[in-house]
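Below: the structure, in structure tokens.
All heavy atoms count here, side chains included; hydrogens, waters and symmetry mates do not. Here, residue 1 is the first one in the sequence, and each next residue gets the next number.
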Amino acid sequence: RSLHLIPAGGMYYQVRHPVALKVGVGSASHENDITEKKSNANLVGSDSELRSLINESITRVNAYVDDMTKGKFPLTPLDKVDKVCTYCDYKTICRIQTMRSVQSSAPEAS
């Protein structure tokens with residue numbers, strides 16, 4: 001006997017204080033099943049939109065894993081460093097610092 005399940009959403013635990021169970025994304029069709037607070041959820045319009053989002057996520061994860069197995073670890077684009085790298089625990093050892101030094105010491109193109 002086959003059991004056909006339809007995903008309603010994805011949840012995660014916020015482990016910093018206060019610890020809480022949160023909705024990462026969900027289908028608006030199942031809003032009452034997955035959240036008590038409407039403002040707390042990131043909802044897509046329908047089950048088919050949620051399925052598309054899940055499929056796209058799986059495709060991207062597989063691409064990232066494939067790149068990792070090939071040793072590809074791209075850096076944050078330099079124009080986004082100030083926004084992204086401020087909260088990274090590894091910013092003191094990351095290659096981005098070398099790239100910033102090289103860029104700042106490079107002569108301006110005429």
Side-chain angles (χ1 to χ4, degrees):
R1 175 177 153 190
S2 170
L3 183 61
H4 182 71
L5 301 176
I6 298 171
M11 303 180 85
Y12 65 95
Y13 279 100
Q14 173 182 295
V15 293
R16 68 175 183 257
H17 187 70
V19 174
L21 181 61
K22 297 197 170 217
V23 175
V25 67
S27 170
S29 305
H30 303 284
E31 182 175 10
N32 294 333
D33 299 327
I34 59 175
T35 183
E36 294 177 10
K37 297 178 183 176
K38 294 179 183 180
S39 62
N40 189 29
N42 297 313
L43 302 175
V44 295
S46 66
D47 290 351
S48 62
E49 287 179 63
L50 180 60
R51 174 47 58 198
S52 292
L53 181 63
I54 291 169
N55 289 342
E56 177 64 23
S57 298
I58 290 168
T59 298
R60 287 181 183 228
V61 166
N62 286 333
Y64 287 130
V65 169
D66 187 47
D67 282 351
M68 284 187 265
T69 62
K70 293 175 183 173
K72 294 181 182 178
F73 296 93
L75 295 172
T76 297
L78 291 175
D79 63 331
K80 296 190 181 353
V81 167
D82 291 335
K83 181 178 180 184
V84 176
C85 295
T86 57
Y87 60 83
C88 180
D89 292 335
Y90 303 101
K91 65 183 172 187
T92 59
I93 62 170
C94 180
R95 297 174 292 149
I96 198 70
Q97 301 307 324
T98 303
M99 292 301 294
R100 290 177 87 176
S101 296
V102 169
Q103 184 185 36
S104 65
S105 66
E108 291 290 322
S110 308

| query | Mind checking whether Leu50 and Ile6 sit in one hydrophobic cluster, side chains of I, L, V, M, F, W, Y counted as touching below 4.5 Å? | reply | no
| Linking I/L/V/M/F/W/Y whenever their side-chain heavy atoms sit closer than 4.5 Å, directly or via other members, would Met68 and Leu75 fall into one cluster? | no
| request: Drop me the distance from Leu53's CG to Ser48's OG, to the nearest 0.5 angstrom. | output: 11.5 Å
| Is there a donor-acceptor contact under 3.5 Å from the side chain of Glu56 to the main chain of Arg60? | no
| field | Any pair counted as side-chain hydrogen bond (donor to acceptor under 3.5 Å, both in side chains), so long as it reaches residues 3-13, sequence neighbours left out | value | none
| message | Please give me the minimum heavy-atom distance between Pro7 and His30, naming the atom from each residue. | response | O-CD2, 4.3 Å
| query | Are Phe73 and Val61 joined in one hydrophobic group, where the rule is that I, L, V, M, F, W and Y side chains link up if heavy atoms are under 4.5 Å apart? | reply | yes
| remark: When every non-hydrogen atom of Gly45 is compared with those of Ser29, the smallest separation belongs to O-OG, 4.2 Å
| query | Which heavy atom in Ser46 sits nearest to a heavy atom in Ser27, and how many Å separate them? | reply | C-OG, 3.3 Å
| field | Short N-O contact, Lys70 and Asp66, less than 4.0 angstrom | value | yes
| request: Report whether Met11 and Leu43 are members of the same hydrophobic cluster (ILVMFWY, side-chain heavy atoms less than 4.5 Å apart, transitive linking). | output: yes
